[in-house]
There are 2 protein chains.
Amino acid sequence: MASHAAQDARSTGGRATVSRGAVRDVALTLFAERGYHGTALSQIAAELGIRTPSLYNHMRAKQDLLSEIVLETTEQVWLDYQAAVDGVEDVAERLRQAIRTYALRHATHRREALIVNQDAGHVEEPARSRVFELRRSHERAVRGLIEEGIAIGRFKEATPSLASFGILEMCVSIARWFSEDGVLSAETVADRYSEYALRISGLVEAEDRPGE
Amino acid sequence: MASHAAQDARSTGGRATVSRGAVRDVALTLFAERGYHGTALSQIAAELGIRTPSLYNHMRAKQDLLSEIVLETTEQVWLDYQAAVDGVEDVAERLRQAIRTYALRHATHRREALIVNQDAGHVEEPARSRVFELRRSHERAVRGLIEEGIAIGRFKEATPSLASFGILEMCVSIARWFSEDGVLSAETVADRYSEYALRISGLVEAEDRPGE
DNA sequence: CCTACCGATCGGTAGG
DNA sequence: CCTACCGATCGGTAGG
């Protein structure tokens with residue numbers, strides 16, 4: 001199996017020219033498919049049409065490739081969350097927007113999501129602590145929305161921590177099967193999954209709420 | 001960090017004696033923690049207090065350790081499903097029992113579940129095909145329950161395939177955080193998650209159903 | 001159960 | 001970007 005880059009180099013008879021971004025892109029694909037420890041740098045190099053030592057012109061170490069991917073993705077999840085809930089008053093709508101954004105990211109950044117999910121535990125310090133701190137913040141924030149909704153009678157749910165874990169992990173699953181060529185768009189999937197989040201949280205329909 | 005087995009061998013001054021089951025148990029723990037490719041046979045041996053070549057008295061190859069764990073677990077999931085729904089008439093109750101069993105397994109067999117989730121893709125043929133065939137059967141069966149419930153007006157859900165994927169993956173998440181020492185028992189967690197499955201599927205409450 | 005040892009492959013460096 | 005090469009470690013075998 002030859003990559004485009006490797007074919008390009010052969011067909012032009014010239015040496016392949018590779019960028020930092022190209023290395024990262026191939027690493028994203030292979031880490032997502034085979035896992036960090038299941039991917040050899042020689043495979044990344046082959047896909048780019050170069051020899052393994054040449055990779056070191058574009059990176060410092062294999063571990064840096066992983067930790068940058070995982071850290072940047074996790075940071076973006078947290079920023080996405082904050083942007084999604086910013087200025088939204090109704091707590092149910094805040095939860096919907098938070099999960100819609102999270103689900104959408106898992107459809108549009110599948111490889112990143114799979115790597116975070118499979119290999120976050122293989123990230124070394126100091127990135128590792130930062131990654132887990134960010135994930136905890138995100139989970140706590142989502143749980144906080146559910147607890148807030150319960151407190152004001154908007155949601156009805158006995159175990160908010162179970163609900164928040166379940167909701168978030170449900171979204172992660174999107175990265176496993178979503179395809180851009182499928183019948184459902186990323187937006188549609190994100191809409192459905194954010195609806196599931198409200199159902200799991202026991203959203204009390206307007207007509208059932210007292211005083212409204 | 002020394003294992004119990006390694007400590008036993010040293011404290012008795014004798015050679016460690018290891019069984020096939022002990023090898024499997026350590027493999028379960030380490031594969032679950034570090035992944036298949038992230039675990040070296042030397043680490044398994046060290047945990048047992050023996051040298052790497054001695055492992056081969058209890059196994060044929062590292063890959064067999066993985067494929068047996070993954071295949072047996074996946075087969076058990078399918079058997080569990082069939083036992084759970086057997087003889088249950090109401091489709092909502094069938095879904096509840098199916099998901100209760102699946103969730104319960106993820107709380108009581110955490111290591112197996114994590115390995116299937118992380119490393120099923122690293123299982124080699126012919127076990128690999130069998131594993132994926134079994135997983136597809138299970139997913140199709142759960143989706144079938146949801147579709148059946150929709151057809152008779154018991155559930156209200158626009159995208160049953162999204163619902164079934166989400167429900168199953170939500171259960172997998174249990175293996176990531178469940179602890180026997182936590183405040184919630186495995187049974188309680190399984191009850192809550194099977195309730196979420198019904199909510200995701202849009203269970204129509206009895207009082208809202210026409211003709212009842 | 002062990003020691004001794006195998007070829008293969010790993011991530012990474014030297015030097016151009 | 002390359003060739004040449006490093007020490008370490010991998011899964012696994014031979015032979016006792």
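We name chains A, B, ... by the order of the sequence lines, and we start the count at 1 in each one. Not measured: the values here are computed from a predicted model.
For the pair L55(B) CG and dG12(D) C1', the computed distance is 11 Å after rounding to whole Å. Atoms NZ (K62(B)) and P (dG12(D)) sit 8 Å apart, rounded to a whole Å. Rounded to whole Å, atom C1' of dC10(C) lies 13 Å from atom CD1 of I44(A). Counting to the nearest Å, the C1' atom of dC10(C) and the NE2 atom of H37(A) are 11 Å from each other. Here dC10(C) presents its P atom at 17 Å from NE2 of H122(A), a figure rounded to the nearest Å. Taking atom CG of residue L41(A) and atom P of nucleotide dG12(C), one finds them 6 Å apart after rounding to whole Å. Between N57(A) atom CG and dT3(D) atom P the separation is 14 Å, expressed in whole Å.
Taking every side-chain heavy atom of V18(B) into account, dC1(C) is the closest of dC1(C), dG11(C), dC10(D). Between dC2(D), dG11(C), dT3(C), one nucleotide has an atom nearer to the side chain of S54(A) than all others, and that is dC2(D). Of the candidate nucleotides dT3(C), dG11(D), dC1(D), dT3(C) has the atom nearest to the side chain of R51(B). Considering only the side chain of I50(A), dC1(D) comes nearest among dC1(D), dT13(C), dT3(C). Looking at the side chain of Y56(A), the nearest of the listed nucleotides dG11(D), dC2(C), dG11(C) is dG11(C). Counting only heavy atoms from C-beta on, P53(B) has its side chain closest to dT3(C) among dT3(C), dC1(C), dG12(C).
The partner of dG11(D), taking Watson-Crick or G-U wobble pairs whose two distances both stay under 3.5 Å, is dC6(C). With a cut-off of 3.5 Å on both pairing distances, the Watson-Crick or G-U wobble partner of dG16(D) is dC1(C).
Ring centroids of H138(B) and Y102(B) are separated by less than 6.0 Å, placing the two rings close together.
Q97(A) places none of its side-chain heavy atoms less than 4.5 Å from the side chain of R94(A).
No side-chain donor-acceptor contact under 3.5 Å links Y193(B) to the backbone of I99(B). In terms of modelled atom types and a separation under 3.5 Å, the side chain of S173(B) and the main chain of M170(B) share a donor-acceptor contact.
Counting any heavy atom pair closer than 4.0 Å across all strands shown, S42(B) reaches sugar-phosphate atoms only and no base atom. If you check every strand for non-hydrogen atoms under 4.0 Å, H58(B) touches sugar and phosphate atoms only.
Heavy-atom nearest nucleotides on DNA chain D were determined for S19(A) and for M59(B), and the one closer to the 5' end corresponds to S19(A).
Of the candidates L168(B), I167(B), L134(B), E139(B) forms a side-chain contact (heavy atoms from CB on, under 4.5 Å) with just one, namely L168(B).
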